[in-house]
Participant: 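Starting off with a structure, shown below.
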Amino acid sequence: MIPQEYIQEVVARNDITDVIGSYVQLRHRGRTHTGLCPFHSEKTPSFVVYPETQSYYCFGCGAGGDVITFIRTMNNLGYVEAVKFLAARAGMPLPDEDDKAGKMRSRILEINKQAARFFYQCLNANNEQASAARAYWRRRGLSDGTIRRFGLGWAPDDFRSTLNWLRERGFNEEELLASGLVKRSEKGNLYNIFRGRVMTPIFDLRGNVIAFGGRVLGDEKPKYINSPETPVYKKSRAMFALNLAKKSPSRRYILCEGYMDVISLHQAGFDTAVAACGTALTGEQVKLLENYADEVVLCYDSDEAGQKATARSLELFSHSPIKVSVLTVTGAKDPDEFIKKFGKNRFEMLLNGTHNALEYKLGKLKDNYDLATDAGRVGYIQDAIRLLTGHITPTEREVYAGRLAQETNVSKASIQSQLDAALRQADRREDRRRQKELLNQGTAAQIKVPYSLGGEKALGIANAEQQLLAAMLKNADFIPLVRSRIQPDKLLLPDMQQACQAVFNCYDRGITAELATLAPEVTPETLSLLSAILARNHDVAITRQDVEMYLDRIEQSFPKSAQAAQMSPEELEAYIRSLRDKKMKK
């Protein structure tokens with residue numbers, strides 16, 4: 001364990017506003033800072049940083065915590081690794097501690113590094129297999145410089161060469177299995193999962209090899225194999241070649257479907273090409289791109305799968321501030337083939353003539369109808385109007401309404417009348433949604449209590465418990481008072497029991513009870529809840545009288561008999577349920 005005093009020093013030297021401000025564009029508003037949440041896609045800021053409590057909370061997705069939690073989530077790190085990350089940022093000496101999870105991550109990264117070296121050496125070996133692998137990359141048009149830059153390689157076609165190479169470098173069985181490069185057979189023997197494949201390493205933003213993709217030289221099945229998820233690789237959060245693209249001064253990124261497209265584009269000079277790791281783009285990957293790109297050009301294959309991927313990606317980007325356009329590859333199945341057939345200058349012309357997202361969607365709708373028929377025109381107009389009532393500017397709406405009139409030979413006045421009616425209906429739906437959202441934003445709506453624990457009365461008790469935690473975190477002088485009257489195991493909900501005990505533990509050790517010092521003793525869910533509680537009480541002055549009122553309410557909920565006072569949480573729940581049943585019978 002890292003000493004709590006060390007954690008406090010790390011937090012003190014890493015102001016949460018400065019740290020989060022290096023990832024998120026924040027706007028100063030009074031005593032808080034707001035910005036677009038980095039953990040979910042949104043167009044209206046709901047992410048708030050509270051310098052006074054050194055915490056953050058998103059009112060949109062519920063993410064919250066302290067500066068260590070933020071770094072853990074943003075960089076996919078363990079707790080100890082996040083502390084070390086912040087310590088290094090502050091120029092502090094690293095703590096001497098035993099961190100099993102962190103050491104395993106470090107070992108896996110080293111395994112991947114050594115494996116990448118091995119695959120590269122195998123590609124350049126003097127044997128028949130290596131010659132065939134080099135010929136494959138040559139057929140794909142890659143230069144020696146590109147192969148070196150991307151660290152491309154070859155996994156020999158046998159079950160043990162990679163395994164033996166890694167064992168010779170001191171890696172044990174547990175580490176090898178955790179890396180995802182090795183599996184255990186039914187007979188109990190270890191074997192390589194990548195065999196007879198050209199290899200593409202995947203790097204994180206810091207240049208660490210976190211995974212691999214392998215492809216057979218021919219068309220055998222399965223054609224592609226990718227690393228499984230490991231402690232260092234979460235495919236929904238990784239982007240291929242982003243470690244290279246982020247070095248470009250351009251903020252216009254090209255999002256491709258496959259690794260080979262990306263590599264070919266980089267070789268041709270388009271150095272912002274990237275691809276999603278995994279089978280489809282995710283919201284987390286979109287959020288990652290927002291840190292580097294102002295515009296993204298979707299550059300997927302021209303086949304049916306590529307068109308479906310384009311539609312899915314447009315939906316994800318519809319909630320993002322990134323400007324999106326769509327490149328239609330004509331005369332080739334993908335960017336790689338297009339560049340080989342027509343050259344990089346033609347591809348650049350194609351890139352500069354991309355359609356914006358709205359034009360692309362309207363074009364796809366138009367393809368569904370025969371505009372030579374009345375029914376076709378009516379159907380196209382109805383679908384197009386639904387699209388034009390979405391999140392676009394009035395200017396765009398005006399321009400495309402005029403284009404729709406020209407395409408269908410229907411007067412613009414008629415199109416505009418239908419569009420105005422659709423907009424009014426959409427506004428009414430949005431008003432109803434906002435009203436429902438406001439109803440769900442009350443304090444009681446944010447407290448989840450099983451009805452078996454006492455129904456509406458339990459909501460009041462749970463609220464008192466949460467306010468009591470807020471009081472102790474905002475003013476440590478209240479902790480002795482609270483401790484003199486209640487014990488954590490008498491609180492209604494497990495997360496409040498856990499948080500209350502952690503606060504008392506900090507007090508006993510003479511340590512300030514704050515999110516950073518509570519984090520090692522509570523679950524991430526409880527820490528997020530505490531962030532929400534602090535956010536709700538940001539401008540609330542909780543007095544001693546308030547604290548005593550909360551204590552009175554909580555104490556009144558305790559069973560009165562001495563026997564009941566010794567009940568376990570399960571027994572207490574049954575006891576409260578029996579009281580409710582008796583009341584209902586009366």
Side-chain angles (χ1 to χ4, degrees), residues 76 103-127 129-134 136-138 140 142-172 175-183 190-217 224-235 237-247 258-260 262-264 266-267 273-275 277-278:
N76 189 28
K103 287 180 178 178
M104 177 60 80
R105 284 175 56 93
S106 297
R107 294 293 282 173
I108 292 173
L109 290 174
E110 185 61 28
I111 287 173
N112 289 341
K113 180 180 177 181
Q114 293 296 334
R117 287 179 177 173
F118 176 69
F119 296 143
Y120 183 77
Q121 289 179 20
C122 290
L123 178 68
N124 293 284
N126 185 21
N127 58 53
Q129 284 191 17
S131 178
R134 289 194 298 272
Y136 172 84
W137 289 127
R138 294 287 182 271
R140 301 304 299 261
L142 300 186
S143 67
D144 289 343
T146 298
I147 290 171
R148 283 194 302 271
R149 189 182 187 202
F150 283 88
L152 305 179
W154 164 254
D157 194 8
D158 64 64
F159 285 87
R160 301 188 63 80
S161 58
T162 307
L163 173 62
N164 292 337
W165 166 274
L166 294 172
R167 274 180 164 166
E168 288 170 4
R169 277 145 189 80
F171 299 108
N172 63 40
E175 294 164 347
L176 293 171
L177 288 169
S179 74
L181 288 168
V182 170
K183 281 187 177 181
L190 300 186
Y191 66 94
N192 312 321
I193 68 166
F194 292 105
R195 304 181 303 279
R197 293 174 181 272
V198 286
M199 299 297 292
T200 303
I202 299 167
F203 295 84
D204 66 11
L205 291 172
R206 288 175 287 175
N208 298 310
V209 180
I210 56 174
F212 294 90
R215 188 199 189 282
V216 294
L217 300 182
Y224 298 98
I225 289 181
N226 297 303
S227 291
E229 294 203 341
T230 69
V232 302
Y233 177 56
K234 298 292 182 286
K235 62 184 178 182
R237 302 177 186 175
M239 296 292 296
F240 178 70
L242 187 57
N243 61 307
L244 298 175
K246 71 171 186 174
K247 299 174 183 177
Y259 301 160
M260 195 61 220
V262 172
I263 295 170
S264 293
H266 274 262
Q267 179 168 278
V274 295
C277 294

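As the structure is a prediction and not an experimental result, all values here were calculated from the model.
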Participant: Spell out, as yes or no, whether a donor-acceptor pair under 3.5 Å connects the side chain of Q129 to the backbone of G196.
Facilitator: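 No.
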Participant: Might you confirm whether atom NZ of K113 has over 12 heavy atoms from other residues, nucleotides or ligands at distances under 6.0 Å?
Facilitator: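 Open.
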Participant: Centre of W165's six-membered ring, under 6.0 Å away, within 45 degrees of the axis: is that where NZ or CZ of R169 sits?
Facilitator: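 Yes, R169 and W165 form such a contact.
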Participant: So, using salt bridge (Lys or Arg N to Asp or Glu O under 4.0 Å) as the criterion, who are the partners of R237 when residues are at least two apart?
Facilitator: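 So R237 forms a salt bridge (Lys or Arg N to Asp or Glu O under 4.0 Å) with E284.
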Participant: Evaluate L205 against L242 for side-chain contact (heavy atoms from CB on, under 4.5 Å), listing each step before the verdict.
Facilitator: CA-CA 7 Å; L205 291 172; L242 187 57; 3.6 Å; yes
Participant: At their closest point, which heavy atom of V182 faces which heavy atom of I193, and how far apart are they?
Facilitator: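 That would be C-CG2, 4.2 Å.
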Participant: If you measure from CG on N208 to CD1 on I202, what distance do you get to the nearest 0.5 Å?
Facilitator: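 Between N208 CG and I202 CD1, I get 13.5 Å after rounding to 0.5 Å.
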Participant: Name all residues meeting the salt bridge (Lys or Arg N to Asp or Glu O under 4.0 Å) criterion together with R149; count only those two or more places apart in sequence or in a different chain, and write none if there are none.
Facilitator: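 Testing R149 for salt bridge (Lys or Arg N to Asp or Glu O under 4.0 Å), a comparison that skips the adjacent residues, returns none.
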Participant: Are I225 and F212 side-chain neighbours, meaning at least one heavy-atom pair lies under 4.5 Å?
Facilitator: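 The answer is no, as the side chains (C-beta and beyond) never meet within the 4.5 Å cut-off.
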Participant: CD/E110 to CG/L166 distance, rounded to the nearest 0.5 angstrom?
Facilitator: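 Answer rounded to 0.5 Å: 10.0 Å.
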Participant: Distance from L152 atom CG to M199 atom CE, nearest 0.5 Å?
Facilitator: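 If I round to the nearest 0.5 Å, the distance is 10.5 Å.
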Participant: State, to 0.1 Å, how close W137 and M260 come at their nearest heavy-atom pair, and which atoms those are.
Facilitator: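 Distance-wise, the nearest heavy atoms are CZ3-SD, 4.0 Å.
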Participant: Passes side chain to side chain donor-acceptor pair (under 3.5 Å), S161 versus D158? Steps please.
Facilitator: CA-CA 7 Å; S161 58; D158 64 64; 2.9 Å; yes
Participant: So, T162 side chain and N192 main chain: donor-acceptor pair closer than 3.5 Å or not?
Facilitator: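 The answer is no, because no donor-acceptor pair under 3.5 Å joins these two groups.
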Participant: Assess R160 against Y191: is NZ or CZ under 6.0 Å from the centre of the six-membered ring, and within 45 degrees of the ring's axis?
Facilitator: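 Pair R160/Y191 does not count as cation-pi.
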Participant: Checking the side chain of Q267 only, and the main-chain atoms of S143 only, is there a donor and an acceptor separated by less than 3.5 Å?
Facilitator: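 Yes: the side chain of Q267 pairs with the backbone of S143.
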Participant: Identify each donor-acceptor pair in which a side-chain atom of residues 117-124 lies under 3.5 Å from a protein atom, sequence neighbours left out, and give them as a table.
Facilitator:
unit_1: N124; atom_1: ND2; unit_2: Y120; atom_2: O; d: 2.8

Participant: NZ/K183 to CG/L177 distance, rounded to the nearest 0.5 angstrom?
Facilitator: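 That separation rounds to 11.0 Å.
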Participant: Looking only at heavy atoms, what is the nearest atom pair of A238 and Y233, with distance?
Facilitator: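 Reported closest heavy-atom pair: CB-CE1, 3.9 Å.
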Participant: Using side-chain heavy atoms (C-beta onward) and a distance below 4.5 Å, is R107 in contact with F171?
Facilitator: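 A side-chain contact under 4.5 Å exists here.
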Participant: How close do A178 and P231 get, counting heavy atoms only, and between which atoms?
Facilitator: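 Nearest pair, atom of A178 first, then P231: O-CD, 4.0 Å.
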Participant: Treating N112 as the side-chain partner and V209 as the backbone partner, does any N or O pair qualify as donor plus acceptor under 3.5 Å?
Facilitator: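 Side chain of N112 to backbone of V209: a pair is present.
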Participant: Check the pair L244, F150 against side-chain contact (heavy atoms from CB on, under 4.5 Å), reporting the backbone distance first and the verdict last.
Facilitator: CA-CA 9 Å; L244 298 175; F150 283 88; 3.7 Å; yes
Participant: How close do R138 and I147 get, counting heavy atoms only, and between which atoms?
Facilitator: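 Distance-wise, the nearest heavy atoms are NH1-CD1, 3.2 Å.
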Participant: If you measure only the distance, is there a donor-acceptor pair under 3.5 Å linking the side chains of Y259 and R215?
Facilitator: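 There is no such pair between these side chains.
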Participant: Looking at A125, is its backbone amide N or carbonyl O close enough to the side chain of R134 to form a donor-acceptor pair, meaning the two atoms are under 3.5 Å apart?
Facilitator: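 Yes.
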Participant: What's the shortest heavy-atom distance between F194 and G214, and which atoms?
Facilitator: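 Looks like CE2-N, 3.8 Å.
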Participant: So, taking the atom named OG1 in T146 and the one named CD1 in I263, what distance separates them when rounded to the nearest 0.5 Å?
Facilitator: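 If I round to the nearest 0.5 Å, the distance is 8.5 Å.
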Participant: Give a yes or no answer on whether the side chain of D204 reaches the backbone of G207 with a donor-acceptor pair at less than 3.5 Å.
Facilitator: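 It does hold such a pair.
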Participant: Salt bridge (Lys or Arg N to Asp or Glu O under 4.0 Å), that's the test. Do E229 and K234 meet it? Break it down for me.
Facilitator: CA-CA 5 Å; E229 294 203 341; K234 298 292 182 286; 5.1 Å; no
